[in-house]
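What follows is a single structure, written as structure tokens, with notes after it.
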Amino acid sequence: MAGSRLEKFGTVFTRVRDLMRSGVVKQKDKPIWYDVYTAFPPKRDPLYVKPQIQRYGKVTDTVPEIFYKEDAVRAKFYEMYGNGPKAFDLSKANFISTCQRFVEKYYELQSQGQLEGDALFEEAGRALLAEGIVLRRRGSSMVAPEDRDPVLEMKLTDMLAEQQADAPGTVQTEGEQTHEQTPATSH
């Protein structure tokens, strides 16, 4: 009981009394009011009653939504490019995310006043590319189609059929023909 500071787990008097009985608080260190309270206790012990808050109807949220002007740019960035290939490195105090770099570049180009809208968004992406930051659009493959291995395009059934045809001692079905070369024997 003595560890709690909430009044609902005993009064201040009962907690001090229990601390003195257990020896945690010495008789010489007791509070000044303790003897007065012991001599003149209240007629009714103080009781903690949790206040009841009555709410009728729909409760409205009083916290207004907070939007900054760069939130629209961030939303469009994440919609187009996603989170990116690697996680944020929050262990470094001076870490700047790719999205934040994009927003800064966007507003830098906007302050020049030459472009607006989607053209400004695309130009900010090109400017980051010129700085060495590669942005990949969502849904685009990481490997170009011409670089892919043709084996990856094969179906599993085709691979199994090819393996069975190449295996020695397999029985062939009626539709299959074999082109075996028989060794020439001399008579």
Side-chain angles (χ1 to χ4, degrees), residues 1-113 115-140 142:
M1 241 200 269
S4 175
R5 294 184 177 235
L6 295 176
E7 292 177 5
K8 62 183 178 181
F9 296 117
T11 64
V12 175
F13 174 76
T14 57
R15 287 185 279 155
V16 171
R17 181 194 65 204
D18 294 341
L19 287 172
M20 288 174 46
R21 284 182 185 167
S22 65
V24 174
V25 175
K26 307 291 185 225
Q27 280 292 329
K28 64 178 182 155
D29 295 331
K30 69 181 177 183
I32 297 171
W33 54 265
Y34 184 80
D35 290 328
V36 175
Y37 194 93
T38 308
F40 304 102
K43 292 183 181 178
R44 286 180 278 137
D45 282 334
L47 179 65
Y48 176 78
V49 178
K50 184 177 181 181
Q52 299 255 340
I53 300 173
Q54 295 182 1
R55 297 182 183 186
Y56 298 104
K58 185 177 180 182
V59 177
T60 59
D61 191 10
T62 58
V63 179
E65 294 184 16
I66 300 172
F67 287 108
Y68 297 98
K69 62 179 184 175
E70 62 266 10
D71 286 345
V73 178
R74 281 193 182 99
K76 191 170 180 181
F77 174 85
Y78 282 121
E79 181 182 326
M80 186 170 289
Y81 299 112
N83 291 339
K86 57 184 178 177
F88 293 154
D89 187 4
L90 298 178
S91 63
K92 297 179 182 173
N94 58 353
F95 175 76
I96 300 174
S97 68
T98 307
C99 180
Q100 184 61 31
R101 290 176 195 254
F102 184 88
V103 169
E104 290 170 359
K105 186 58 72 175
Y106 182 89
Y107 281 111
E108 179 184 322
L109 293 172
Q110 187 181 35
S111 66
Q112 295 173 0
L115 300 170
E116 288 186 15
D118 291 337
L120 178 61
F121 195 83
E122 293 295 327
E123 188 59 34
R126 285 189 206 104
L128 285 182
L129 183 61
E131 292 178 6
I133 299 173
V134 179
L135 300 174
R136 297 198 194 285
R137 291 188 185 262
R138 267 186 155 175
S140 64
M142 299 294 265

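Starting from 1, each residue takes its place in the sequence as its number. Treat the numbers as computed from the prediction; the structure is a model and nothing was measured.
Smallest separation of non-hydrogen atoms from Lys26 and Gly23: NZ-O, 3.2 Å. Among all heavy-atom pairs drawn from Tyr106 and Gly117, the shortest one is OH-O, 4.4 Å. Ile66 approaches Asp71 most closely through the heavy-atom pair O-OD2, 4.2 Å.
For the atom pair CZ (Arg74) and CZ (Phe67), the distance works out to 12.5 Å, reported to the nearest 0.5 Å. The line from CG of Leu128 to CD of Glu123 is 10.5 Å long, rounded to the nearest 0.5 Å. In this structure, Tyr81 OH and Lys76 NZ are separated by 9.5 Å, a value rounded to the nearest 0.5 Å.
Between Tyr107 and Val73, the closest side-chain pair of non-hydrogen atoms falls below 4.5 Å. Considering only heavy atoms from C-beta on, Tyr34 stays 4.5 Å or farther from Val25 through its side chain. The closest side-chain heavy-atom distance from Trp33 to Val12 is below 4.5 Å.
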Steps toward ring-ring contact (aromatic ring centres under 6.0 Å, His included) verdict (Phe102, Tyr78): CA-CA 11 Å; Phe102 184 88; Tyr78 282 121; 9.9 Å; no
Using side-chain contact (heavy atoms from CB on, under 4.5 Å), reason through Thr38 and Arg17 one step at a time and then give a plain yes or no. CA-CA 10 Å; Thr38 308; Arg17 181 194 65 204; over 6 Å; no
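For CZ of Phe40, the number of neighbouring non-hydrogen atoms (other residues, nucleotides, ligands) closer than 6.0 Å is 12 at most. Within a 6.0 Å radius of CG in Asp118, no more than 12 heavy atoms belonging to other residues, nucleotides or ligands are found. For CD of Gln112, the number of neighbouring non-hydrogen atoms (other residues, nucleotides, ligands) closer than 6.0 Å is greater than 12.
The only member of Arg101, Arg126, Lys105 that meets side chain to side chain donor-acceptor pair (under 3.5 Å) when paired with Glu131 is Lys105.
Using a cutoff of 4.0 Å between basic side-chain nitrogens and carboxylate oxygens, Asp18 and Arg15 are not scored as salt-bridged.
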